[in-house]
Amino acid sequence: LAEDAGKASIEHGEVLHTGPDGHALVSVRDTLWRLQGLSAVRLEGISQPTMRLASGRLECRGAGRCLTEFGVVVGQEDSMWSMEMAGDGLGLQIAEGEATFLSAKGETPMRAGEVWFVDAHGTPTQQ
């Protein structure tokens with residue numbers, strides 16, 4: 001979406017791209033997703049709100065999940081967190097509540113105020 005794109009909707013399985021100065025808000029029931037400029041996501045699930053981040057930055061408020069090439073972030077109902085693809089990994093910041101990062105390395109609980117980096121092997125490290 002460009003900066004002045006107005007209202008749009010996506011269906012399960014569709015991809016949403018934001019332009020350089022664009023942004024988008026996507027709501028799936030009580031979960032709200034915010035995309036920043038130059039981001040790309042795919043809506044993977046509706047019954048359990050799930051996005052797949054391909055590039056850029058994504059914020060989530062509520063019980064949402066986000067799939068990435070590094071692993072999966074699962075937010076709780078009261079959570080607010082953001083993630084950003086960072087070339088060789090993934091940056092995660094938990095603003096409110098709790099979230100969990102799942103990868104082949106296991107399960108990592110994350111809490112409000114914490115900042116994490118996940119490397120190319122799916123290993124999270126608190127910053």
Side-chain angles (χ1 to χ4, degrees):
L1 295 175
E3 186 173 7
D4 59 351
K7 186 175 181 178
S9 63
I10 61 173
E11 307 253 338
H12 179 262
E14 289 186 327
V15 177
L16 175 66
H17 297 269
T18 54
D21 297 322
H23 67 277
L25 291 173
V26 178
S27 72
V28 177
R29 291 191 317 278
D30 293 334
T31 301
L32 182 67
W33 307 90
R34 179 186 306 272
L35 283 76
Q36 302 298 322
L38 294 176
S39 296
V41 297
R42 177 182 162 125
L43 181 57
E44 295 284 350
I46 296 173
S47 62
Q48 185 172 15
T50 305
M51 289 283 193
R52 178 179 302 275
L53 179 64
S55 63
R57 179 175 169 80
L58 176 70
E59 297 173 8
C60 179
R61 177 178 288 280
R65 295 167 36 124
C66 188
L67 313 173
T68 72
E69 64 184 276
F70 309 103
V72 180
V73 177
V74 180
Q76 305 302 316
E77 264 185 47
D78 64 345
S79 68
M80 183 171 140
W81 47 272
S82 62
M83 59 173 29
E84 184 168 9
M85 299 295 268
D88 59 343
L90 178 70
L92 292 167
Q93 183 169 355
I94 313 304
E96 297 175 13
E98 297 180 357
T100 303
F101 181 75
L102 308 170
S103 74
K105 303 285 183 180
E107 185 174 307
T108 304
M110 301 174 173
R111 291 174 179 69
E114 295 179 349
V115 176
W116 293 78
F117 180 77
V118 179
D119 67 19
H121 304 290
T123 304
T125 305
Q126 191 170 357
Q127 303 293 296

Does any N or O in the side chain of [X] come within less than 3.5 Å of the main-chain N or O of [Y], such that one atom is a donor and the other an acceptor?
X: Q127; Y: T125; result: yes
X: T50; Y: C66; result: no
X: R29; Y: S47; result: yes

**OP:** May I ask you to test the V26-M51 pair for a side-chain heavy-atom distance under 4.5 Å?
**Re:** yes
Tell me the closest heavy-atom pair linking [X] and [Y], and the distance in Å.
X: M110; Y: P124; result: CE-CB, 4.4 Å
X: F70; Y: A120; result: CE2-CA, 3.7 Å
X: K105; Y: T123; result: CE-OG1, 3.3 Å
X: Q36; Y: T18; result: O-OG1, 2.6 Å
X: T31; Y: A63; result: OG1-O, 3.5 Å

**OP:** Take atom CG of D119 as the centre, draw a 6.0 Å sphere, and report whether it contains more than 12 heavy atoms from other residues, nucleotides or ligands.
**Re:** yes
**OP:** Can you establish whether the number of heavy atoms outside Q126 located under 6.0 Å from its atom CD is more than 12?
**Re:** yes
Subject >> Path from L58 to M85 over hydrophobic side-chain contacts below 4.5 Å >> reply: yes
Original post:
Can R61 and E96 be said to form a side-chain contact (heavy atoms from CB on, under 4.5 Å), step by step?
Top reply: CA-CA 9 Å; R61 177 178 288 280; E96 297 175 13; 3.3 Å; yes
